[in-house]
Structure formats: structure tokens, C-alpha cells
Amino acid sequence: MKKIYNWIINIIFGLLIVLVVLTLIGKLSKSDTIFGFTPLKVLSGSMEPAIKTGDLIIIKDIDESNIKTGDVITFKTDSDTFVTHRVIGVSNENGKPRFKTKGDANNVEDEDLISGNDVVGKYIFRIPRFGYFSDLIIRPTGFLLFFIFPIIILLGKEIVNFNKAWKS
């Protein structure tokens, strides 16, 4: 039973470290894209109940010709603002796709058509409330608590196991 408990704890700490590293890479890198996937924190409730405020969503780079009605896409409204809404219509303008979008919780559709050049990616999945966690772990206290502390615990356990093996 103790081995199973240790195994589960190691998996939890390992996953926690991976999540922290991925979040830090996303926060510190200039492109914010990791292998074609981009993590984004949801700041508003326009897509509730499917996507909630505080969720961390993962979007994937996609060719705009593969986007269809019903897909959830993230697009730029300016250089610093991203919006994630559902495509409710697709049209062609001079041979280039344009998308009509609407937030699931919004009463009206978005005013402007979205050009394919403004599409950042297609929504793949969400991690509920992890956006709040990502804000915490980029602070020094959160970094120590969720990155350094688990590494110290894992290293300490391995040192104890190594000493036991060495003595036998």
C-alpha cells in the first residue's frame, strides 16, 4: 500500500511540475506558442457555460480554410486583445474566408466579420480554473510553493531511497 501511495504522490508532483513549467514557458516566451498550441487565460464570461472565466484554454494553430460553422476560434481584435467566440457563419470575400462570430452567453453576434489573418487558432480544450493558478505560479511565492517545494520533496525522497539501497 505504501508503494502505491508513493507512486501516486510522485505522479501528482510530476504533473504539477510539468504544468508549472508549461505555464512559465507560456508566460516567458515571446510567441506564447508551445508546439503549435497556445495557452490563454479566459478573462470574461462571454462563452459560458462552455468556457468559464478563469479557465485556461488551449488553442491550436489552424489553417483558416479548415474552420467551419460551430467551431470555437480565438482571434485578434488588436495586437494585445484576443477574443474566443463561436463561428456562426462563414463567407468568402475575394476568395478569402471571413467569419461571423458570437459568444455563447452574448445576446448579439459580434459586429465585425473576422478575417482569416486575424484568427490565432481553434479551441481544443480547457482546464477549469487553471487560469487563476497560472497567475499564482508566476509570482515568486507561487513559484516556490508549486515548483521549488515539489522538486525538493522529490529529491529528498530519492536521497532517502538511495541511502536505503546503499546500506543494503
Side-chain angles (χ1 to χ4, degrees), residues 11-106 108-151:
I11 288 173
I12 290 170
F13 278 136
L15 288 173
L16 187 60
I17 290 170
V18 168
L19 287 173
V20 169
V21 169
L22 288 176
T23 301
L24 288 174
I25 289 171
K27 295 288 184 184
L28 300 177
S29 71
K30 293 184 180 174
S31 70
D32 288 341
T33 299
I34 306 163
F35 305 115
F37 295 92
T38 304
L40 295 171
K41 178 185 171 191
V42 178
L43 301 175
S44 78
S46 68
M47 285 299 293
E48 289 189 8
I51 302 170
K52 297 181 176 13
T53 303
D55 287 352
L56 184 78
I57 63 169
I58 306 299
I59 61 171
K60 180 164 181 16
D61 295 342
I62 187 170
D63 182 51
E64 64 264 9
S65 64
N66 293 329
I67 297 171
K68 60 189 178 309
T69 301
D71 287 345
V72 176
I73 61 169
T74 299
F75 54 91
K76 296 181 284 188
T77 57
D78 61 48
S79 63
D80 294 329
T81 307
F82 297 94
V83 176
T84 301
H85 281 172
R86 190 172 308 278
V87 175
I88 59 170
V90 180
S91 61
N92 279 316
E93 203 172 277
N94 298 326
K96 298 198 180 208
R98 307 268 290 172
F99 308 101
K100 190 68 173 169
T101 58
K102 178 183 174 292
D104 289 355
N106 295 349
V108 295
E109 55 194 37
D110 298 335
E111 188 175 321
D112 298 323
L113 288 175
I114 308 304
S115 84
N117 293 336
D118 291 332
V119 174
V120 178
K122 181 178 174 181
Y123 166 80
I124 302 298
F125 68 93
R126 72 184 179 100
I127 304 172
R129 303 205 181 275
F130 194 74
Y132 297 128
F133 180 71
S134 70
D135 285 346
L136 173 66
I137 62 176
I138 61 168
R139 295 187 183 122
T141 305
F143 182 76
L144 286 171
L145 183 63
F146 293 106
F147 187 69
I148 302 298
F149 185 65
I151 287 177

Point to revise | From I73 atom CD1 to I114 atom CD1, the distance as rounded to the nearest 0.5 Å | key: 6.5 Å
Check your understanding: Any side-chain heavy atom of V120 sitting closer than 4.5 Å to one from F82?
Key -> yes
Practice item. State, yes or no, whether a side-chain contact exists between I57 and T84 at a heavy-atom distance under 4.5 Å. Key: yes
Practice item. With side chain to side chain contact (heavy atoms under 4.5 Å, CB included) as the test, would you mind laying out the steps for I67 and F99 before giving the verdict? Key: CA-CA 9 Å; I67 297 171; F99 308 101; 3.6 Å; yes
Check your understanding: Of I124, I58, I59, which meets side chain to side chain contact (heavy atoms under 4.5 Å, CB included) against T38?
Key -> I59
Review point. Can you find a heavy atom in the side chain of H85 that is under 4.5 Å from one in the side chain of D110?
Key: yes
Exercise for review: Please assess D104 against S46 for the test side chain to side chain contact (heavy atoms under 4.5 Å, CB included), listing each intermediate value before the final yes or no.
Suggested key: CA-CA 6 Å; D104 289 355; S46 68; over 6 Å; no
Practice item. Give, for atom CD of E109 and atom OG1 of T101, the distance between the pair rounded to the nearest 0.5 Å. Key: 8.5 Å
Check your understanding: How long is the span from the CG atom in D55 to the CG atom in L40, to the nearest 0.5 Å?
Key -> 12.0 Å
Review point. What distance separates F125 CZ from I51 CD1, expressed to the nearest 0.5 Å?
Key: 12.0 Å
Practice item. Tell me, please, which residues at least two apart from T69 pass side-chain contact (heavy atoms from CB on, under 4.5 Å). Key: V90
Check your understanding: Any donor and acceptor pair, going by atom type alone, linking the side chain of T53 with main-chain N or O of G45 inside 3.5 Å?
Key -> yes
Review point. Rounded to the nearest 0.5 Å, how far does CG of D118 lie from CD of E64?
Key: 10.0 Å
Exercise for review: Only counting residues at least two apart or in another chain, list the ones meeting side chain to side chain donor-acceptor pair (under 3.5 Å) with D78.
Suggested key: T81
Practice item. Calculate, to the nearest 0.5 Å, the distance between atoms CG and CZ belonging to N92 and R98 respectively. Key: 10.5 Å
Practice item. With sequence neighbours excluded, tell me which residues meet side-chain contact (heavy atoms from CB on, under 4.5 Å) with I151. Key: I17, F147, L155
**Study point:** Salt-bridge present (D71, R86; N to O < 4.0 Å)
**Key:** no
Point to revise | Expected output: side-chain K100 to main-chain E111 donor-acceptor under 3.5 Å | key: yes
Exercise for review: Could you tell me whether the side chain of K60 reaches within less than 4.5 Å of the side chain of Y123, counting heavy atoms only?
Suggested key: no
**Study point:** Close side-chain approach of S79 and K76, heavy atoms under 4.5 Å
**Key:** no
Review point. Would a distance-only check, ignoring hydrogens and angles, find a side-chain to backbone donor-acceptor pair under 3.5 Å from K102 to N106?
Key: yes
Review point. Given side chains that start at C-beta, do those of T74 and V83 come closer than 4.5 Å, heavy atoms only?
Key: no
